[in-house]
Amino acid sequence: MSFLAKNYNRRKISFKRGKGSFLYSSNGERYLDFVQGIAVNSLGHSNSYLNKALSTQSKKVWHVSNSFVIPEGEELAKKLTKNTFAKFVIFQNSGAEATEVAIKVARKYFYTKNKPYKNRIICIKNSFHGRTIAAIHASGSKKMTEGFGPKIPGFDHFKFGDHKSLKKLITKKTAAIMVETVLGEGGIKIIPKWCLRGLRKICDQKKILLILDEVQCGVGRSGKFFAFEYAGIRPDIVPIAKGIGGGFPLGAVLMNKKVAIGMTPGTHGSTFGGNPLAMKIGNAVLDKVKKKNFLNNVQKKSRYFIKELNKIKKNYPKIIKDVRGVGLLIGVQLHKDQTKFIKKLEQNKLLTIRAAESVVRILPPLNVSRSEINLSIKIINKVCKEYK
Ligand SMILES: *Cc1c(COP(=O)(O)O)cnc(C)c1O
């Protein structure tokens, strides 16, 4: 019997090791892992270059308090802000913490500007910003908030794509609009470029802040370092997490110079956030992922993968409704519930994960090879062929 609480519905499978795109189960089977810890292992499992960074740093110093200067963190913050919209960074350990800090930064900014009444955040209904008390109320999802009352005030919601109701929600109490550039858990729904530009424009007109949650789609996952780069806009605050640690728990909030004025000594802290071990690994991941050539390769592989998936869709239009995504954040939407399909893929040794709206989410490591993509295509084809 398991002494872990029952808050997960776990698949009955465990792994003893991984290498690159593959996981090896306890009973000796090899799986092509296109979950990668949910877009976390940017460079695949047990990457030797990351292993080296980890073991080197582990022999020097793991953890010191943030009340001291941490050079590895200074270095990573410098890299994250170089040539980006951001001027300052706060490190955390996870995505939910990063989105929470994004909210704190937005509110504190207006408080500092003598506008403490400007504290409401507008979010997309049923989006995903993590599982802390504030983050679940930011998502406004009934399923996630049920039983966890009282409701945390300060969040307003509009339906994805409903521009009219979004505009109506903006009042003098609004501090920010916070959306995922690509809705990951929500079914790989991309906010179109023109919409992102529209959001930036509204925020400028109303003098409110734009927070883009790139916890899932950021750090190269989209084929650009940030997914919003495709729209050519500059947000004010961006939480990132999943991909930046390459499997090591690490999150961060990036902010522009203007909004950072509120974050004075004592306004925020984290015991673990930004410790030397995490920072060393973050630096190593970033050195690979931020390279133009690396990102171009993500885009190339993405185009190939999506093209091949669309061929399958064409052959099985009754099973597959839509293929969508950006970079290596790919969704295959089925006409019906995807549970059985994901199970069949797993039986054929391909691991994928669900997202909302009957989507099978496909998240290879960013350094996946073409032959591994071909292997997955073969498996998906087979499952479609045998699917009833
Ligand atoms: C995963 C995710 C989070 C939460 O990250 P955790 O590390 O699980 O707390 C927040 N926002 C988005 C968009 C995510 O995909």
Side-chain angles (χ1 to χ4, degrees), residues 7-10 34-42 90-106 121-141 143-145 148 152 155 157 160 176-191 196 199 210-222 224-228 235 237-254 270 272-274 278 281-282 285 325-331 352-357 359 361-363 366:
N7 58 319
Y8 291 105
N9 192 3
R10 294 175 196 271
F34 280 6
V35 179
Q36 291 292 334
I38 315 191
V40 165
N41 309 322
S42 314
I90 294 175
F91 289 112
Q92 298 289 142
N93 313 286
S94 68
E97 282 179 316
T99 58
E100 287 240 355
V101 177
I103 295 165
K104 286 181 77 175
V105 171
I121 315 284
I122 298 176
C123 304
I124 294 174
K125 184 90 185 156
N126 295 327
S127 52
F128 189 80
H129 299 292
R131 296 292 201 133
T132 59
I133 288 279
I136 57 175
H137 286 97
S139 86
S141 140
K143 205 173 137 203
M144 279 198 286
T145 53
F148 298 110
I152 302 293
F155 298 101
H157 296 101
F160 183 88
I177 298 173
M178 176 167 82
V179 297
E180 297 164 73
T181 318
V182 180
L183 281 76
E185 306 299 310
I188 317 294
K189 293 208 296 208
I190 302 167
I191 299 185
L196 285 173
L199 280 174
L210 179 60
I211 305 172
L212 293 178
D213 180 345
E214 296 234 356
V215 167
Q216 187 157 165
C217 62
V219 197
R221 181 56 54 184
S222 74
K224 298 250 187 212
F225 189 74
F226 298 109
F228 64 74
I237 306 170
V238 173
I240 58 173
K242 291 189 168 83
I244 182 68
F248 199 88
L250 174 54
V253 186
L254 285 69
S270 166
F272 296 113
I281 296 165
V285 172
V326 57
L328 292 170
L329 181 57
I330 296 172
T352 58
I353 194 159
R354 62 192 297 126
E357 302 191 348
V359 166
R361 205 170 3 158
I362 302 177
L363 304 162
L366 301 183

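Counting starts at 1 for both ligands and their atoms, following the listed order. One is the number of the first residue; the rest follow in order along the sequence.
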Open item on the list: D213 versus ligand 1: do any nitrogen or oxygen atoms come within less than 3.5 Å of each other?
Closed with: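 Right, the criterion is met.
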
- [ ] Report yes if some N/O of T99 lies less than 3.5 Å from some N/O of ligand 1; otherwise report no.
- [x]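 Checking ligand 1 against T99, no N or O pair falls under 3.5 Å apart.
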
TODO: Using a strict 4.0 Å threshold on nitrogen-to-oxygen distance, state whether R361 and E185 make a salt bridge.
DONE: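 Here R361 pairs with E185 in a salt bridge, since their nearest N and O are under 4.0 Å apart.
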
- [ ] Determine whether more than 12 heavy atoms belonging to other residues, nucleotides or ligands lie under 6.0 Å from atom CZ of F160.
- [x]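 Yes, CZ of F160 has more than 12 neighbouring heavy atoms, counting only those of other groups under 6.0 Å.
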
Task: Taking every non-hydrogen atom, the tightest pair across A252 and A98 - done: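 The pair with the smallest heavy-atom distance is O-CB, 3.6 Å.
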
Do me a favour and list the nearest non-hydrogen protein atom to [atom] with residue, atom name and distance?
{"atom": "atom 7 (O) of ligand 1", "value": "G95 N, 2.8 Å"}
{"atom": "atom 9 (O) of ligand 1", "value": "A96 N, 2.7 Å"}
{"atom": "atom 10 (C) of ligand 1", "value": "H129 C, 3.3 Å"}

TODO: May I ask you to identify, for K242, whether its side chain, its backbone, both or neither come under 4.0 Å of ligand 1 on a heavy-atom basis?
DONE: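 For K242, only side-chain atoms sit under 4.0 Å from ligand 1.
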
Task: ligand 1-proximal atoms of A241, by part, heavy-atom distance under 4.0 Å - done: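 A241 to ligand 1: no contact under 4.0 Å from either part.
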
Task: L363 side chain reached by I38 side chain, heavy atoms, under 4.5 Å - done: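 Answer yes - side chains close enough.
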
- [ ] With the side chain counted from C-beta on, respond yes when L254 and F226 share a heavy-atom pair under 4.5 Å apart, and no when they do not.
- [x]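 L254 reaches F226 side chain to side chain.
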
Open item on the list: Strictly distance-based, threshold 3.5 Å: is any side-chain N or O of H157 a donor or acceptor partner for the main-chain N or O of A138?
Closed with: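 It does hold such a pair.
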
Task: Under 3.5 Å: donor-acceptor pair, side chain of S42, backbone of G243 - done: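 Answer holds: yes.
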
- [ ] Identify, by atom number and element, the atoms of ligand 1 in contact range of E180, meaning under 4.0 Å from any of its heavy atoms.
- [x]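 Counting atoms of ligand 1 from 1, those under 4.0 Å from E180 are 13 (C).
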
- [ ] Any atoms of ligand 1 less than 4.0 Å from a non-hydrogen atom of S94? List them with their elements.
- [x]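 In order of numbering, the contacting atoms are 7 (O), 9 (O).
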
